[in-house]
Amino acid sequence: MVKHVIPKTYEEALDHLSEGTFKVLAGGTDLMVKNRSWSETPARFKQDILYIHNLEELRYIEDRGDYLAIGALTDYETLLRHEAVPQVLKDCMLEIAGPGIRKVGTLAGNIGNASPAADGVLTLYLLDAKLVIEQKGSAREALIDDVIVGPGKTTLSNEEIIKEIRLPKTRFTKTRFLKVGGRKADAISKVAFAGAVTIEDGVVKDLRMALGAINVTVVRLRDVEKRHIGETISAVQDNIVSIKNAYVPHIKPIDDQRSNRVYRKRVAFNMIEDFITTMHTQD
Amino acid sequence: MAKVTFTLNDETVTVDEPLNMRFLDILRKELGLTGSKEGCGEGECGACSVFMDGWLVNSCLLPLASVEGRDIMTIEGYRETKRYKVLENAFVEEGAVQCGICTPGMVMAAENLLNRNPSPSEEEIRIALAGNLCRCTGYEMIFKAVKRASKEGEGLW
Amino acid sequence: MKTKKDISESIRKVDSEEKISGRAPYTSDISIDGMLYAKTVRSPIARGTIKNIKLPKMPEGYHTVDASDIPKRNVVKMIYEDWPVFAEKDVNFIGEPIMLVVGPDKETVMNLADAVEIDFEEKDPVFDFKNSGVQLHFDKGDVDAAFERAAKTVEYEYETGYQEQAYIEPQGFVGYPEDGGYTLVGSIQCPYYVKNAVLDTMGEEEDKVRVIQAPVGGAFGGKEEFPSVTACQLAVALKKIQKPIKFIYEREEDMETTTKRHPSKTKMEAALDVDNNIIGIRSNLALDGGAYIGLSGVVLSRGMLAVTNAYTVDNLDVSGDVYITNTVPNGAFRGFGAPQMIFAIEMFIHHIAKDVGEDPFAFRKRHMVKQGDKTSTSGTFRDPIILSDMVDKAVEISDYHNKAKAYEDKDTFKGIGMSWFLHGCGFTGSGESDIIKAQVKLKKDDKDNVHILVAAVDMGQGPKTTFRKLVADLLDVPIEQVTFNYPDTRYVPDSGPTVASRTMMVVGGLLARAAKSLKEEWIAGEEQTITKQYKQPEYIEWDQDTMRGDAYPAYSWGVNVVEVEVSKVTYEVTVKNAWNIYDLGKAIDERIVLGQADGGQAQGIAYGYLEVMNHEQGKLKQKNMTDYIIPTSVDVPKMENHIMDNPYPLGPYGAKGVGELTLVGGAPAVALAIEQAIGRKVKKIPATPESIMELIDNG
């Protein structure tokens, strides 16, 4: 028999995790669909479920000086309405589904689900998000890139839970979130792009690009980005061919019911090129 | 089975059902509230929209467990309010109802918008309704209805 | 004396409040004490023979229902009778129903259904267009002679994909035994199609089957013939089990196993004279019928008849085929074959003009049909045609010419497209008089309340309001004095199915005649009943074998202008604006007609660029609302619709058909706009970002 547990407190949730093998259900917007059964019958979970949606202590957004701390259960709608949340993350949140999902969906759930097409995750890669991962008696902090390892796969152990997301404070001169779904709202990404750049006196001080739905995880090539920091705008733009070439081995999309690999690949490169060529102008 | 207690349309309700039941099914089957509809069962169409703590949510994606201690309002509760009457009248006057299966959810989404933005632009209306699919109307008359409600219900929101 | 309001002036729809408030009892909202639930066991393979079925041990109170339980005929009575109620020996598509499992607890029913083991001998499925199940042909003039004297010929092939109705309420029935027979309450367009199909399968007496329409949560053709299949299955179960049964499809089940718009391939070949006038067209329309023919032959026929759309071409040779493939059967969908053909001809006429170096607008106008011209089937366009005025108006309000010129600059990635089109109202050919034979009744009670008794279904398009409005207006009584309940075959005569844009023109027309008679014969305080039967206008002549004559008594007309922008980065299409002009005779309620216009256009445009469905080895890849994309509130363009006044003498107050007209022109209009934006010929819809990229790459 599958067990269903609602912990009363976060502490209690950690206790349960240390004792059993639970699947953690946050908002449920993903798990309830994946495990859907016939209407009027319970969702068909194959694993014990820990329902944490009511843990109010995991809902917060706090400014902690050099970073913004976001409690794991903070929903998209709250992020969208909070002044301290970076604009690029808000732009992304606005494109995730509709209002009815945005009030329930959480960033931690988006991470735990680890879909290569998860728009929230893509933006967290861009923002160098760090995750605070806890288990009973210990905690660790890890860059999001090091937590998500494949479609639906993370380095989280059975005892662990994502407690908090930390966004280092950075100011960009331009950011962009651009996704292609089957339609203009309420759609899963065929390809998605997040970009950020800081330009001072014509010199590129920071450059970041993340691409979703074109590989098993989000693609962000920090070494390629670093290579161009300190260059002038035109130097970077003149290098567009080599920049794109650097992404070639990493852009390996698939054919599925939503799109095909040729299109995904082409659009991914178009998105890179378009961001680079317009990084000094406002959209 | 587990006991879950929540507020439903201003009354305290306790149900004893599996925690992994969809809240939509609890409403429709156990509580006989069939105003929330099932269109897709995966959070795309919004026909099952209800308010949880005053915010629009898709009840087909909510496990019963998530409802513990929450304040829920369904169309059956909302239709008793003044705001509803204004929206209802606007929907009728503008011809925003065709087959009607999406309409209770659509009205809930409109309330969710007007509650926070009493005078929305058409662009804001479009964005606020993007989680509610309608296959009959092409949405045009629904936009007009929300605009009309916003005007006629001035002061209510 | 008060002036009577014009009938077009809008009133509040009579059923909106119950729908908005969530009170309207849709089929799945119905609950009956002691009700059981039915789930379908289906074929997992596209083609094969059932070798053995192993059932799980059935607990008490749980049943299976299959072909062996059918009392009379294992076939669903529709136009062409090849669709079995349950697969008996052979299965022909993935998802084909083999049996039902029925019982009181849904989880148990589901587990039992999952536990049914079926061994198949698999056969090679067919997905290509090679088994033609229906062949139709007609001609006009002498096409061979036209091609012989042609100065040049132009040839293209066009392709369209599936379209799923995507009504928000899935298919469903609730049935219960009653008076030694069965009553079925369901989400349906055609109460008598359902009743007659059930009678035929069950071999029952006429009065043993009762069909009641529940509020219908969207249909668009998808609840025309398909519900006959599930109704027959349910009736078999009711006979066997004798308890109330609820039988509601899940969304994925609905998408994977119910009828859709036929994918098509259309060959077009035109002969032109030295002045670039089209003197002849040869065309073949090929539809993918899926595993069973069902209604497909009639869909094919309507498609072929639209071959010259709103143009006059003197010499034609038109053939068509329905190909049988091992895929889900396709069927009725708003437009009924016309959207495929109108896409083809509208693109073709532009492509001819471009190939011969003429301005497409002028080229098309030169070929535009006029009153008195011969139709594609050598009938006559008798009534006044105001299409030219409509085009002028569309040009003006959309600023068409200036935009079309500005967007010739390829760097804009913008485009504007204009389609114009007609739609035949009512059943094709002699269908109304030979097959449907519609009958309506008006019953006045002793309190002088008038009851409309027809089988027409309100699925959102408004007859619950417009019929009452029409009858009240003609009787000169308040609308409250006229009732129109959801049709129940126990009480209403067979006024025909709610299809083919016939509801207002044909059924409304009969009601208008009945209302006029009742008014003449009105005796206050007495019960009176008036019955009217359809009579074909005498001048209509149609030969079904040669497909020659007047295919329709009347035509509605439309012009769609659509403006788009294509992204250079993602190739996504943004539909910015749409302007539409319609001649549907006379609007019985303007706002209701405008609502049809908005909704039809949204579906028509989306058919052209947004809605993608395809299969892989017979398995549909887009099987839910997440993957099958229909427009949301941010996808639809700003729409401006205008209705012309051009009353049709035989329609009630001059009304013709509306519902389908508003869909059929959307796809070519958006495709033409995309064609301009990218500077490439669009020959296939939907014109998705993926296909736009390909076109830009390869031309």
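Naming: A, B, ... by sequence-line order, numbering from 1 per chain.
Contacts of Pro215(C) with chain B are absent, with no heavy-atom separation under 4.5 Å from either backbone or side chain. Using a 4.5 Å cut-off between heavy atoms, Tyr78(B) does not touch chain C at all. Residue Ala166(C) touches chain B through both its backbone and its side chain, counting heavy-atom pairs closer than 4.5 Å. For Glu94(B), the part lying near chain C is the backbone, with the side chain staying farther off; criterion is any non-hydrogen pair under 4.5 Å. Using a 4.5 Å cut-off between heavy atoms, Val216(C) touches chain B through its backbone atoms (N, CA, C, O) alone. Only the side chain of Cys45(B) has a heavy atom closer than 4.5 Å to any heavy atom of chain C. Proximity to chain B involves both the backbone and the side chain of Glu169(C), based on heavy atoms less than 4.5 angstrom apart. For chain B, no part of Ile11(C) is nearby; none of its heavy atoms comes within less than 4.5 Å. Residue Arg79(B) touches chain C through its side chain alone, counting heavy-atom pairs closer than 4.5 Å. Heavy atoms of Met459(C) lying under 4.5 Å from chain B belong exclusively to its backbone. For Pro637(C), the part lying under 4.5 angstrom from a heavy atom of chain B is the backbone only. In this structure, chain B has a heavy atom under 4.5 Å from the backbone of Gln165(C), while its side chain stays farther away.
Interatomic distance, CZ of Arg23(C) versus CD of Glu76(B), reported as 8.5 Å (0.5 Å rounding). Taken to the nearest 0.5 Å, the OG1 atom of Thr632(C) stands 6.0 Å off from the OH atom of Tyr139(B). From Cys60(B), atom SG reaches atom CZ of Arg251(C) across 11.5 Å, with rounding to the nearest 0.5 Å. The distance from the OH atom of Tyr167(C) to the SG atom of Cys136(B) is 13.0 Å, given to the nearest 0.5 Å. A distance of 8.0 Å separates CZ of Arg135(B) from CD1 of Ile168(C), quoted to the nearest 0.5 Å.
Most heavy-atom pairs under 4.5 Å with chain C, from the set Leu87(B), Thr103(B), Leu33(B): that is Thr103(B). Here Ser16(C) is the residue among Gly600(C), Ser16(C), Ala602(C), Gly462(C) with the most heavy-atom pairs under 4.5 Å with chain B. The choice from Ile142(B), Ile125(B), Val107(B), Leu133(B) that makes the most heavy-atom pairs within less than 4.5 Å of chain C is Leu133(B). Among Asn132(B), Thr74(B), Thr137(B), Ile127(B), the residue making the largest number of heavy-atom pairs under 4.5 Å with chain C is Thr137(B).
Two residues are said to be in side-chain contact when any heavy atoms from C-beta on lie closer than 4.5 Å; Lys37(B) and Asp29(C) meet this criterion. With a 4.5 Å cut-off on side-chain heavy atoms, Asn89(B) and Arg12(C) count as touching.
Between Met141(B) and Gly595(C), the shortest heavy-atom contact is CE-N, 3.4 Å. Shown here for Arg591(C) and Val92(B), the closest heavy-atom pair between the two residues is NH2-O, 4.2 Å. Between Ser633(C) and Leu129(B), the closest heavy-atom pair is OG-C, 3.2 Å. Across all their heavy atoms, Tyr26(C) and Ile101(B) have their closest contact at OH-N, 3.3 Å. Here the shortest heavy-atom pairing between Gln98(B) and Lys13(C) reads CA-NZ, 3.8 Å. Cys40(B) and Met625(C) get closest at one heavy-atom pair: CB-CG, 3.5 Å.
The environment of Lys106(C) atom NZ is dense: over 12 non-hydrogen atoms of other residues, nucleotides or ligands sit within 6.0 angstrom. Around atom CG of Asp16(B), more than 12 heavy atoms belonging to other residues, nucleotides or ligands sit under 6.0 Å away. Open room surrounds CD on Glu154(B); 12 or fewer heavy atoms of other groups in view lie less than 6.0 Å from it.
When only modelled atom types and interatomic distance are considered, Arg28(B) and Ser28(C) share a side-chain donor-acceptor pair under 3.5 Å.
Lys638(C) and Glu140(B) are joined by a salt bridge, as a carboxylate oxygen and a charged side-chain nitrogen come within less than 4.0 angstrom of each other.
Side chain of Arg126(B) to main chain of Val636(C): a donor-acceptor pair is present (N/O by atom type, distance under 3.5 Å, no hydrogens or angles).
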